[in-house]
Amino acid sequence: MAQEVLRMEGITKIYDNGFVANKNITFWLHEGEILALVGENGAGKTTLMKVLFGLETPQEGKVLINGEPAKIENTLDAISKGIGMVHQHFMLVPSLTVAENVVLGIEPMKNGLFDFEKAVSMTQEVADKYNFNIDPKMKVADLSVGQMQKVEIMKVLIKGAKIIIMDEPTAVLTPQETDELFEQLILLRDGGHSIIFISHKLEEVKRICSRVTVLRHGYCLGSYDLADMNEEDISRLMVGRDVVLKIEKDDPKIGKPVVHIQNLVKINESGKHVLDDISFDIHEGEVVGIAGVEGNGQSDLSDVLSGMGSFTSGTVEVNGNNIKGKTVHEIRGMGMAYIPEDRMEYGCAGDMSIRDNIVADRFFKKEYKSGPFMKRKYIDQIVDQYIKDFEIACDDKSQPVRMLSGGNIQKVVVAREFTSGSNFILANQPTRGIDVGAAEMIRKTIVRKSREEGTATLLISADLNEVLECSDRLLVFRKGKVVAAFPKANEVSEAELGEYMLGLKTMTAEEMEGLL
């Protein structure tokens with residue numbers, strides 16, 4: 001039996017507002033093990049890892065490292081005890097080189113100045129030791145997302161981490177980049193490192209981890225050997241009910257074009273073509289998915305369609321109306337609903353109540369007003385119904401949105417947008433960072449609205465499984481262009497999509513003729 005390198009015993013963390021994030025959690029990790037930590041949003045995973053990494057202090061409980069009690073009061077304490085954390089959102093300085101990023105905090109000095117050559121050799125040493133094929137002198141801004149992930153891991157390794165926390169490490173990686181990351185994690189594991197792997201992707205949990213610890217509502221439901229479990233077993237423990245991981249859908253009934261995009265070009269401030277001659281339509285009754293490595297024009301297209309960003313040339317029409325120069329409010333009036341990529345920044349007002357967030361787009365509509373006044377009773381009834389329909393877990397509708405978990409905040413955004421009466425839904429990363437239960441509800445609703453209400457939907461997602469499950473047609477973006485189009489999303493594999501996303505394959509204009 002492998003030695004236990006970490007034990008967190010009886011951890012209880014209650015926030016000032018009375019929210020119980022962790023309740024008497026006991027959790028352990030063996031040497032040379034990749035352990036999955038799973039649970040819905042708000043289940044307590046992040047808080048537990050923040051306690052381990054010195055970012056939060058629990059009211060009760062203790063941490064043992066190699067059997068010895070360990071006091072972890074801050075991140076420097078954690079690092080000195082061999083604990084490292086690779087965050088979901090990269091903590092890199094794009095203008096610096098790989099080497100400069102890797103040695104941040106432990107900079108080698110020579111004659112009172114930063115020793116760049118020494119930093120390069122230190123970085124190269126780590127890269128060689130752990131088989132990271134990366135040039136220490138490259139600027140981080142020029143790296144692919146997969147390479148940036150490697151730099152984050154090297155930052156942790158160079159500081160001597162033996163216990164590595166990985167928070168959603170594959171969220172933005174292609175299947176090929178994920179395979180490469182997993183090879184490296186297995187090398188680390190075989191070299192005696194112990195890895196805590198936090199993920200919502202249960203097929204990856206099954207593939208790379210030997211055990212899984214499941215949290216629900218701040219409690220630990222236990223640790224299980226993955227050899228004895230399938231994905232459905234894990235999701236049932238996480239959510240407390242059966243979750244449908246595959247979406248059954250009828251063939252779409254395609255109607256007239258709702259969105260028409262012709263020769264769309266967007267040139268950014270630095271003169272780069274972030275959208276380069278894009279043309280395609282989205283019809284009534286269909287879900288069009290866009291796959292691509294992040295930063296290849298998907299967010300720019302979302303900004304253009306929603307009115308959050310301008311474009312240089314070309315035509316964009318929603319329900320026959322040209323959107324050039326129009327505001328977000330005006331484009332919404334043409335029939336667009338919008339689920340933004342960043343729910344806290346653009347999707348909701350954190351200090352406002354659930355009620356006010358859900359009806360934020362309809363204060364000006366006649367049916368919600370009686371003269372100059374709002375119909376409070378009517379609005380309350382509608383909001384209560386939406387809270388029920390969209391399974392929003394909250395105390396009541398007057399609770400500020402910021403008090404909810406990420407998954408429930410997303411449900412508030414989705415409840416507003418899906419009930420707005422629009423016939424075009426622009427969904428940008430609609431299930432990012434949320435648990436399987438909430439994701440299942442949102443995906444089913446996207447498909448149902450296209451089938452039952454004839455909605456035209458554009459789905460932009462870094463989750464390839466989501467794009468393949470929900471989409472009818474599929475486009476692949478690379479460097480601001482459409483490089484592949486598939487008339488039936490269910491006839492393409494994740495691996496093949498990854499090849500187009502990485503530029504290993506491309507389709508000619510002739511091959512895509514009639515598919516856009």
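Model, not experiment: these values are computed from the prediction. Counting from 1, the numbers follow the sequence of the chain as shown.
Annotation: Arg376, atom CZ; neighbour count of heavy atoms from other residues, nucleotides and ligands within 6.0 Å does not exceed 12. Environment of OH in Tyr219: sparse, with no more than 12 heavy atoms of neighbouring residues, nucleotides or ligands closer than 6.0 Å. No more than 12 heavy atoms of other residues, nucleotides or ligands shown are found within 6.0 angstrom of CG on Asn133.
One N or O on the side chain of Lys13 and one on the backbone of Thr57 form a donor-acceptor pair closer than 3.5 Å. Using modelled atom types, no side-chain atom of Asp356 and backbone atom of Ser353 make a donor-acceptor pair closer than 3.5 Å. With hydrogens and angles ignored, the 3.5 Å screen pairs no side-chain donor or acceptor of Thr12 with any backbone N or O of Lys23. Looking only at distances, a side-chain donor or acceptor of Asp463 sits under 3.5 Å from a matching main-chain atom of Glu466. The backbone N or O of Asp303 sits less than 3.5 Å from a side-chain atom of Ser306, completing a donor-acceptor pair. With Glu33 contributing its side chain and Ser194 its backbone, the two residues share no donor-acceptor pair below 3.5 Å. A donor-acceptor contact shorter than 3.5 Å links the side chain of Gln410 to the backbone of Pro430. In this structure a side-chain-to-backbone donor-acceptor pair under 3.5 Å is missing from Lys411 to Ile392. Judged by distance alone, with hydrogens and angles left aside, the side-chain atoms of Thr455 form a donor-acceptor pair with the main-chain N or O of Lys449 at under 3.5 Å. When atom types are taken as modelled, the side chain of Arg343 and the backbone of Cys348 share no donor-acceptor pair closer than 3.5 angstrom.
Between Lys377 and Asp380 there is no salt bridge, since none of the side-chain N atoms of the basic residue sits less than 4.0 Å from a carboxylate O of the acidic one. Between Lys206 and Glu203, no side-chain nitrogen of the basic residue sits less than 4.0 Å from a carboxylate oxygen of the acidic one, so the salt-bridge criterion is not met. Using a cut-off of 4.0 Å between Lys/Arg side-chain N and Asp/Glu carboxylate O, Glu232 and Arg236 are scored as not salt-bridged. Of the charged side-chain nitrogens involved, none lies within less than 4.0 Å of a carboxylate oxygen, so that Lys150 and Glu177 do not count as a salt-bridged pair. With salt bridges taken as basic N to acidic carboxylate O contacts below 4.0 Å, none links Arg443 and Glu469. Here Arg207 pairs with Asp179 in a salt bridge; the nearest charged N to carboxylate O distance falls below 4.0 Å.
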Give the table of side-chain donor-acceptor pairs shorter than 3.5 Å for residues 115-128, with sequence neighbours excluded, one pair per line with atom names and distance.
| residue | atom | partner | partner atom | Å |
| --- | --- | --- | --- | --- |
| Asp115 | OD1 | Glu117 | N | 3.4 |
| Asp115 | OD1 | Lys118 | N | 3.2 |
| Ser121 | OG | Lys118 | O | 3.0 |
| Thr123 | OG1 | Ala119 | O | 2.8 |
| Gln124 | NE2 | Asp128 | OD1 | 3.0 |

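Atom CD of Glu494 is separated from atom OG1 of Thr178 by 8.5 Å, given to the nearest 0.5 angstrom. Within the model, atoms NZ of Lys375 and CD1 of Ile382 stand 9.0 Å from one another, a figure rounded to the nearest 0.5 Å.
Scanning all heavy atoms of the two residues, the minimum distance from Lys155 to Leu92 falls at CD-CD2, 3.8 Å.
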For Ser302 and Glu341, what are the C-alpha separation, side-chain angles and deciding distance, and is it a side-chain hydrogen bond (donor to acceptor under 3.5 Å, both in side chains)?
CA-CA 9 Å; Ser302 173; Glu341 186 174 4; over 6 Å; no

Can Asp77 and Lys71 be said to form a salt bridge (charged side-chain N to carboxylate O under 4.0 Å, His left out), step by step?
CA-CA 8 Å; Asp77 264 356; Lys71 205 162 176 53; over 6 Å; no

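The aromatic rings of Phe390 and Tyr386 sit perpendicular to each other, their planes meeting at more than 60°, with 30° as the lower class boundary.
Side chains of His200 and Glu168: a donor-acceptor N/O pair is present below 3.5 angstrom, by distance only.
Within the 4.5 Å cutoff, the side chain of Cys394 has heavy atoms near those of the Ile387 side chain.
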